[in-house]
Peer 1: 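Okay, handing you the structure first.
Predicted, not measured: the structure shown is a model, and the values here were computed from it.
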Amino acid sequence: MTYDTGTGTGTGTGSAAGGLPALATVRARLDAALDAAARAWLHAAIADASAPTDPLSNEHRLPAWQLRFAEAGRRVGDERADAARLLLLLHAAKADTVTLTALYNQGTAAERRAVLLALPHLVEGPDALPLVEDALRANDTRLVAAAVGPYAATHLPAHAWRHAVLKCLFTGVPVDAVARLADRARGDGELARMLGDFADERTAAGRPVPDDLHRVLARTAPEPPTDGRADPHGKES
């Protein structure tokens, strides 16, 4: 079972932005799927993450919740670890960009993926873009898929975002993973050119052109005006 951890920025009850599950929904679904032992571990881990930092604690020792973050896969299963780690990050008082960067740099691929999925919930500005850029240099398709989520859709500059789309095509990551693809691709002539060049290179090398390339290419067309007035930027006036 795959857990939808949501991609909005809301952390309260109800639905997050875009109608996706909010924090309370993620926790309820995870609770329902866990056995008694795993559920007890999750509740203890969230309590650790929610506890205020002790100013007298050893600054060289990792907080308990970070140790639980690392062991989440072993405790709740790999398929549920993303949701468990997201809950820990959103409850953790120190889950700021500095902490997220440290977790990413010292983490396994699974832990890095969880950090990437948490970015739209925890980081408002572009400060965490180096983590996205690092993941996009990787050959791990799960990292690439996590990197092109809502945080990248909001903050990744156009040139880097276009290359991220090509990275998905090159590595076989479904373009459905690219958040707000239709919005960002619409009217993007440079992306259309890059897609055409990529298709030509594949054809010349005797390699198939991914079906997803044609899907993205179709989305680069400007949206036709609905009121008869043309806009110079290809959008409705």
Peer 1: Is a donor on one side and an acceptor on the other found under 3.5 Å between the side chain of Arg202 and the backbone of Arg207?
Peer 2: no

Peer 1: Apply side-chain contact (heavy atoms from CB on, under 4.5 Å) to the pair His91 and Trp65, showing each step before the final yes or no.
Peer 2: CA-CA 10 Å; His91 279 89; Trp65 75 266; over 6 Å; no

Peer 1: Looking just at side-chain N and O atoms, do Thr99 and Asp96 make a donor-acceptor pair shorter than 3.5 Å?
Peer 2: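 The criterion, which ignores hydrogens and geometry beyond distance, is satisfied for Asp96 and Thr99.
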
Peer 1: Using every non-hydrogen atom in the two residues, find where Gln66 and Leu103 come nearest and quote the distance to one decimal.
Peer 2: OE1-CD2, 3.7 Å

Peer 1: Can you find a heavy atom in the side chain of Arg112 that is under 4.5 Å from one in the side chain of Asp134?
Peer 2: yes

Peer 1: Among all residues two or more places apart in sequence or in another chain, which pass the ring pair (Phe, Tyr, Trp, His ring centres under 6.0 Å) test with His43?
Peer 2: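 For His43 there are no ring pair (Phe, Tyr, Trp, His ring centres under 6.0 Å) partners, ignoring immediate neighbours.
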
Peer 1: I'd like to know if the side chain of Arg75 and the backbone of Ala81 have a donor-acceptor N/O pair within less than 3.5 Å.
Peer 2: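 Side chain of Arg75 to backbone of Ala81: no pair is present.
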
Peer 1: Roughly how far, to the nearest 0.5 Å, is CG of Leu181 from CH2 of Trp161?
Peer 2: 5.0 Å

Peer 1: Could you list the residues that satisfy ring pair (Phe, Tyr, Trp, His ring centres under 6.0 Å) with His163, not counting sequence neighbours?
Peer 2: His159

Peer 1: Mark yes or no for whether Arg219, through its side chain, and Ala185, through its backbone, hold a donor-acceptor pair below 3.5 Å.
Peer 2: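 The answer is no, because no donor-acceptor pair under 3.5 Å joins these two groups.
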
Peer 1: Heavy atoms, side chains only, cut-off 4.5 Å: are Phe198 and Pro210 in contact?
Peer 2: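 Result yes, sub-4.5 Å side-chain heavy-atom pair found.
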
Peer 1: What's the spacing between Arg68 CZ and Leu88 CG if we round to 0.5 Å?
Peer 2: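 Reported to 0.5 Å precision, the distance equals 8.5 Å.
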
Peer 1: Can you confirm whether Leu117 sits close enough to Leu86 that some side-chain heavy atom of one is under 4.5 Å from a side-chain heavy atom of the other?
Peer 2: no

Peer 1: Is Arg184 close to Val165 at the side-chain level, that is, under 4.5 Å between some pair of heavy atoms?
Peer 2: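 Not in contact.
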
Peer 1: With a 3.5 Å distance limit and no angle check, can you tell me whether Lys167 reaches the backbone of Val173 through a side-chain donor-acceptor pair?
Peer 2: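 No, Lys167 side chain to Val173 backbone: no donor-acceptor pair under 3.5 Å.
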
Peer 1: Any non-hydrogen side-chain atom of Leu136 less than 4.5 Å from a side-chain atom of Leu156?
Peer 2: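 Side-chain contact under 4.5 Å: yes.
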
Peer 1: If only atom types and distance count, is the side chain of Asp212 paired as donor or acceptor with the main-chain N or O of Val175 below 3.5 Å?
Peer 2: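 Indeed, once roles are kept as given, a pair shorter than 3.5 Å links the two residues.
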
Peer 1: Side chains of Arg186 and Asp183: closer than 4.5 Å at any heavy-atom pair?
Peer 2: yes

Peer 1: Distance check, rounded to the nearest 0.5 Å: Leu195 atom CG versus Arg215 atom CZ?
Peer 2: 12.5 Å

Peer 1: Taking Glu124's backbone N and O only, do any of them form a donor-acceptor pair with His155's side chain (distance below 3.5 Å, no angle check)?
Peer 2: yes

Peer 1: When rounded to the nearest 0.5 angstrom, what is the spacing between CZ in Arg80 and CG in Leu87?
Peer 2: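 Between atom CZ of Arg80 and atom CG of Leu87 there are 13.5 Å.
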
Peer 1: State whether the number of non-hydrogen atoms from other residues, nucleotides or ligands found under 6.0 Å of Asp35 atom CG is greater than 12.
Peer 2: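 Enclosed: over 12 neighbouring heavy atoms sit under 6.0 Å from CG of Asp35.
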
Peer 1: For a quick test of reading the model, state the closest non-hydrogen atom pair linking Val76 to Ala84 and the distance between them.
Peer 2: CG2-CB, 4.0 Å

Peer 1: If you define the side chain from C-beta out and look only at heavy atoms, does anything of Leu67 sit under 4.5 Å from Asp48?
Peer 2: no

Peer 1: State the OG1-CG distance between Thr220 and Leu217, to the nearest 0.5 angstrom.
Peer 2: 4.5 Å

Peer 1: Only distances under 3.5 Å count here; give the side-chain donor-acceptor pairs of residues 140-152 to other protein atoms, sequence neighbours excluded, each with its distance to 0.1 Å.
Peer 2:
residue, atom, partner, partner atom, Å
Asp140, OD1, Arg142, N, 2.9
Asp140, OD1, Leu143, N, 3.4
Tyr151, OH, Gly125, O, 2.4
Tyr151, OH, Asp127, N, 3.4
Tyr151, OH, Ala128, N, 3.0

Peer 1: So how far is it from Arg85 CZ to Leu89 CG, rounded to the nearest 0.5 Å?
Peer 2: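 Those atoms lie 9.5 Å apart.
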
